[in-house]
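First the structure, in the form of structure tokens, and then the observations on it.
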Amino acid sequence: MVSETESQAAGLSLEHNAHEAATNSGEVVSPASDKKLHNGVTAEEDNKDTSTQEVFDVKIQLPGGDLVDIQVSSKELVQEIIQVLMEHEDSCHRTCFSLQFEGNVLDNFSELKTVEGLKEGSVLKVVEEPYTIREARIHIRHFRDLLKTLDLTDAYNGVDCSSLSFLNIISEGDIGDSLCHESNGNGNGKKKKRSSADQGLEAIDCSPPEYILPGSTERPLQPFQPISSDNKPLQCLKSMIMSGWNPPPGNRKMHGDLMYLNVITMEDHHINITASNRGFYINQSTAELFNPKPATPSHLCHSLVELLNQVSPAFKKNFSALQKRRIHRHPLERIATPYQVYSWMAPSTSHIIDCVRAEDAYNSRLGYEEHIPGQTRDWNEELQTTRELPRGLPTEQQLRQRATFKINSDFVGASTRGAMAVIDGNVMAINPGEETKMQMFIWNNIFFSFGFDVRDHYKDLGGDHAAHIAAIHDLKGVQAYSDLDIEELYVLGTVVLDYRGYRVTAQSIIPGILDRKEDQSVVYGSIDFGKTVSSSMKYLTLLQKSCKPLKIMRHTVLNEKDEEVMLCSSVECKGIVGNDGRHYILDLLRTFPPDMNFFPLNEGEALKEDCSHRFPKSYRHKLCNLRPELIDSFYQHKYAQFMKLVMEKTKDGNSHQENGIDHETQENDEKMEVDIVKEACREVGSVLEYTFDIRFNPDICSTVVRFPESQKAVNQLQRRLLSEASAFLLNVQIPAFIKGCLTHGIVPMDGKSLTEALHSHGINIRYLGSIAETIDQVEERQPLDHVYRIVIMEIVMRSAKQILRNYLQGMEMSALSAAVSHFLNCFLSSYPNPVAHLPPDELMSRRRKGKKKVRPLENGDSTAWTSMSPADLWKQICEKARDSFDFTLPRDSVDQLVERFNLQKVTLLREFCKKTGIQVLLREYNFESRHKPALTEEDILNMFPVVKHIHIKTKEANELVNKAQISMQQGCLKQAAILLNEALVHFNSVYGAVHPEIAVCLRLLARVKFILGDIAEALDNQQKAVIMTERTLGYDHTNTIQDYVLLSLYCFASGQLPVSLKLLYRARYLLLLVTGEDHPSMATLDSNIGVVLQAVLECDLSLRFLEKALETNKKYFGNKSLDVALSHHLIALAHTSKAEFRAAMQHEKETYTIYKALLGDFHEHTKESSAFLKHVTQQAVNLQRTMNEIYKNGSVTTLPHVQIVPPGIDTLLQQLNIINSIIRINLSKNETNDNEKTNEPNDNEKTNETNDNEKSNKDSADSALEEPEQEVAPQEQQNGETHEQKAGIKENPGDPEEPKEQQETS
């Protein structure tokens, strides 16, 4: 993929302190200053941090005499220029060099402003430095990365933070002009607009493949990962491996030899290369004879590229071509992502010789990790030291966040490698004598433990089920305390991984904890769930700071001596003082309060009357907690109740005073107010008597913890509050979620987006069964069909995942692919009797002799999986669905379920593979065949870990984004653009160049630029957003689909119609695979495709898509909705283009009727529809008269001619803006928003969308912005607060461009 040097070339300039702040991470954190790699943010745009920086151009003189121009700023480090040169086309093959200015060597970690005499036009000289073994290894690794720059193997294999992006292949590089980012000295990321004429529209076939067309049931998988047209691999060398003559003998070390390489060129020449202090040369050694003397003619070159250019013409030709392709790729396609993203499907790739890969696999990477020589990383010290960095100034805060993020991402990567090594049996346990599930491991200073109930810790809480879920709850607690960032209170680096059926927790190690017994270490909390409890004043002081934000109640419990002990957390939370003197907290699994819906009622407790869904009910473990989102929503709900009570009681008090004679003093008034507040506090359950404050005791449901008698009344109040919170989830949050789905404010597309939407409402996944039942009871259920389908699919997938987890445990590696393929055949294939294929016995026995067998974690036969049948598996899935979700699956087999709910087996395969980490071969699978199973063991390519970790958030950048959204709601779009550019600078400085939050920011910025009329900037930002979303979330993620649609809109606006269509076809294909055709988002997509096809005069094709969109809109939005009206209007336009005026008239009548009913006679859209209807009617009459005249006389000289003018581009662009929610149609004051839809699938996306105060999206945008801002807010009040307005979208009742539609068509 890309060297770490390339990934460093992605961030913004940091000060010299950045190096010191992150030296613990073992690499230079100084990102390069190449502004061409930034997300369109130049130094001039950042009006905060970089306004004081002087930007100027310098010349770099390369050893051959060539000059390279680079733009730099005074605050950049010399190291950043070195990184840029290692990426530049002319100097990328160099790694071991220094920069000199006027004869003085520049310090890599000094800022340019400290270099005396450096100014505009100064010349810096590149000076080649002598190699060391470390530098030679770095050079070879960088050389290998250059050769593999276009190779996707690492991305398919999920290594080195490589990931896939297909935008460039889909668009065939046609989005704007291809940018040569590295060679363009002053590249600013701008793209030139290309007209449709330039693209040769006539020569391009705009018809989609058959499988894209509406109604097609074919779901091919080959287009899922498209192959570039110029994808012929450019092989520069046949092989390069470390020589068997390594290391150099003593006498050769004295001559400067560092290592030897064997290279086979494309001409089949076998050459042996010596890496020496002075560079690389060919020696006279062969496979059998060691002769280190230089060969003749002798070429001593400072880089491998220069040497091989001289000895291999094929290398010279292919490497040059490779470089040309490399620099034409978008930089964001090459930069490493912060966290590894895995692909669930991959083509079969050839395995080639790679010495660096082999060295990484078989030599311990610990001594080489991140180029740290001879030491392992002390992860805990690094993680905690960055937390202690100064945070007073904004720049210090930024550097601190950058270092924290970098080290956290490194820790996640190391934990992933370690956990896989542990489960694969490659790490020795620290307690090897114990049973396997009780074993613990230390690798690379990280502690690993399995998610099993070790020593019956969780015996009373649900055994292994409780231990499994406890790891995730602990991670949530770590995230909560990490976000609070309390000084002197430390949490451990924590990662939870699921791999091959095992859950592993990876944690950094508290200094000294391994030298002490557990009961000696813990100074706060309990090691036995509350039987023995200790406390500490220091911990109470620190944890007290977390009580208010986390809504945790300070409470008293009894210890084993019946002494009262004060706690500010759950009793399981342990406080340990490390040997470094830091105060650590761990075991945060009960940070959030218990969910009373899954705890039995105490005697005397009555179930709330409004509780439905048969709650409370039992569950398989007793660690059911409420989500933090629910706690926040409940707090707001109670506060609203409290304020309402205070206002009512105050009103009543005032009325009593008015009736009586008021001789009381002001003191009595105050006393009455205090009494009112006190009474309101008591009624809402406030934990304080005179102030509203809701807090929860996380230990209230524990069966072990004992409370003093004095706490009895408080505990009753706590149980009441928790019961109310649990009832609030059932009676408010779940109905709110269902309502959001009904009004299409929430539009889930797959299991992941459903989960995110539920979590944002504070609803746990265990409520899926209740949600399915609720949807089933809705009278008008049709608009919820897509949600119900996804909920059922998620229940089945999660149940199957639990079964696979037990199924894989203890399985031998040699049987893994056969077992997984057998499981998938039993699960998804229609073949009735799949047979498991065991590996041959002689291979198994030989493996047992040759390698230590990993002991199964479950006692039992490791070949038991072979007896599984489809009927057995479905029976187990139904049982799991009942146990986990209290839901009875309504069918007897997967095939029946697929038929009943219109599911797709390809979609099921995708969901299951993404949830379990299975990677399958890219090919077409016939799941419906009853003659042979769908998969063979050769189709299972790999198993990846599913990794969960904490997320480091940059508060300042997120605040700027929120401010920008407010500005957008108020119509201040230029202000919003400035804020978003500032946010991008912050994001870049913390996260580097690639991160999902940067993609969100770029998407917003592109939208604002589009509305302001800067199409080129919108296109550039949206292109970056698409690539970033593909690479950080996945090329088939639901956000990727939306980003493709927005990019196609901007391409259309810039005249690139064929590219716009390609992007829409890709989006439709992905949506078909992800969720199928029966989905409300498909209507939006089909409308887009239909409009763009009209623009390229493919009216028949256009009608197919538009009619499908109409059908979908009718189903999900109702026959009399604005969406249906728009669909009718689009179809009328298409019929007009074909001179089918009668059909156009019928559809436009429907549009007019709906607009008149919903918007009234005087609304702009009603008037336009009326005018268009008159025009079409007149044309229909003219056409009929003409036809009659022709039949009668054969002449039409006296009659008006029929006008057949297809809608103009501006008209169609206007329609696209309405379809994609760039422009909203306002409903009148008394209307609800049930008839409007939002094009985004989840709340997070919706809040990121802009208002529609825009008067135009193109030419007249700036003039629109000059409108008084005061007019915007009152409009919002006048029209009632619709759902879109809450989401940051404001409708515009009239748009200056809209009358064009009438002009164009009449």
Side-chain angles (χ1 to χ4, degrees), residues 1083-1084 1087-1088 1090-1091 1094 1099 1102-1103 1106-1107 1109-1111 1113-1114 1117-1183 1202-1231 1233-1237 1252 1255-1257 1279 1291-1306:
T1084 307
S1087 298
N1088 273 285
V1091 171
Q1094 277 192 61
C1099 294
S1102 169
L1103 279 170
L1106 292 175
E1107 281 162 3
L1110 176 61
E1111 178 191 322
N1113 277 331
K1114 280 182 176 177
F1117 298 96
N1119 289 336
K1120 299 299 178 186
S1121 66
L1122 290 175
D1123 304 271
V1124 170
L1126 182 59
S1127 281
H1128 279 300
H1129 178 61
L1130 296 176
I1131 292 172
L1133 283 176
H1135 280 301
T1136 307
S1137 301
K1138 294 178 65 184
E1140 295 170 351
F1141 296 112
R1142 191 177 292 279
M1145 189 171 66
Q1146 288 170 350
H1147 283 286
E1148 192 59 32
K1149 267 184 189 171
E1150 294 286 342
T1151 302
Y1152 176 71
T1153 306
I1154 295 170
Y1155 280 165
K1156 186 177 179 183
L1158 291 178
L1159 306 175
D1161 286 330
F1162 302 105
H1163 194 281
E1164 195 74 27
H1165 282 276
T1166 315
K1167 291 177 185 175
E1168 285 173 20
S1169 179
S1170 173
F1172 182 63
L1173 184 58
K1174 284 176 186 170
H1175 163 71
V1176 173
T1177 308
Q1178 185 60 49
Q1179 295 304 312
V1181 171
N1182 289 351
L1183 180 64
V1202 178
Q1203 299 174 9
I1204 304 175
V1205 182
I1209 290 292
D1210 285 338
T1211 303
L1212 295 176
L1213 181 57
Q1214 183 73 9
Q1215 301 308 319
L1216 286 175
N1217 288 338
I1218 297 173
I1219 292 165
N1220 293 302
S1221 305
I1222 300 289
I1223 294 172
R1224 288 260 173 205
I1225 300 172
N1226 229 2
L1227 282 176
S1228 55
K1229 186 190 293 188
N1230 57 351
E1231 294 295 337
N1233 61 348
D1234 292 345
N1235 298 306
E1236 295 191 15
K1237 76 176 174 191
D1252 294 306
K1255 299 284 182 179
S1256 148
N1257 68 339
N1279 295 305
E1291 295 85 11
N1292 186 24
D1295 193 296
E1297 278 197 355
E1298 290 184 20
K1300 287 185 187 175
E1301 174 184 310
Q1302 186 179 336
Q1303 295 159 15
E1304 297 277 0
T1305 50
S1306 52

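None of these values were measured; they are calculated from a predicted model. Quick note: numbers below take in every heavy atom, side chains included, and nothing from hydrogens, waters or symmetry partners. The first residue in the sequence is number 1, and the count goes up from there.
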Note to self: For S1170, give me all partners under side chain to side chain contact (heavy atoms under 4.5 Å, CB included), at least two apart in sequence or on another chain.
What the structure shows: Y1152, K1174

Next item on the list: For A1134, check side chain to side chain contact (heavy atoms under 4.5 Å, CB included) against everything at least two apart and list the hits.
Entry: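 Partners of A1134 by the side chain to side chain contact (heavy atoms under 4.5 Å, CB included) criterion, ordered by chain and then number, come out as Q1094, S1102, L1103, L1106.
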
With a 4.5 Å limit on heavy-atom distance, are the side chains of [X] and [Y] in contact?
X     : Y     : value
K1120 : K1114 : no
V1091 : L1133 : no
Q1179 : V1176 : no

Item checked: Test log, rule side chain to side chain contact (heavy atoms under 4.5 Å, CB included), inputs N1119 and V1124 -> CA-CA 6 Å; N1119 289 336; V1124 170; 5.5 Å; no

Next item on the list: With side chain to side chain contact (heavy atoms under 4.5 Å, CB included) as the test, would you mind laying out the steps for L1130 and S1087 before giving the verdict?
Entry: CA-CA 8 Å; L1130 296 176; S1087 298; 4.1 Å; yes

Next item on the list: Report yes or no: do D1210 and Q1214 form a side-chain donor-acceptor pair below 3.5 Å?
Entry: no

Next item on the list: Apply salt bridge (charged side-chain N to carboxylate O under 4.0 Å, His left out) to E1107 and list each qualifying residue two or more places apart in sequence or on a separate chain.
Entry: none

Of all heavy-atom pairs between [X] and [Y], which one has the smallest distance, and what is that distance?
X     : Y     : value
H1165 : I1218 : CE1-CD1, 4.0 Å
S1127 : N1113 : OG-ND2, 2.8 Å
A1139 : L1183 : O-CD2, 3.7 Å
T1166 : G1160 : OG1-O, 2.8 Å
H1129 : T1151 : N-OG1, 3.1 Å
N1088 : L1216 : OD1-CD2, 3.2 Å

So, taking the atom named [atom1] in [X] and the one named [atom2] in [Y], what distance separates them when rounded to the nearest 0.5 Å?
X     : Y     : atom1 : atom2 : result
F1141 : E1148 : CZ    : CD    : 13.0 Å
R1142 : M1145 : CZ    : CE    : 5.5 Å
T1084 : I1219 : OG1   : CD1   : 8.0 Å
L1173 : E1168 : CG    : CD    : 13.5 Å
F1172 : T1211 : CZ    : OG1   : 9.5 Å

Check: Counting only N and O atoms by type, is there a donor-acceptor contact under 3.5 Å from the side chain of T1136 to the main-chain atoms of A1132?
Finding: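 Here the side-chain-to-backbone pair exists.
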
Check: With sequence neighbours excluded, what pairs up with H1147 under the ring-ring contact (aromatic ring centres under 6.0 Å, His included) test?
Finding: H1128, H1135

Margin query: Using the side chain to side chain donor-acceptor pair (under 3.5 Å) criterion, which residues pair with Q1146? Sequence neighbours excluded.
Written below: none

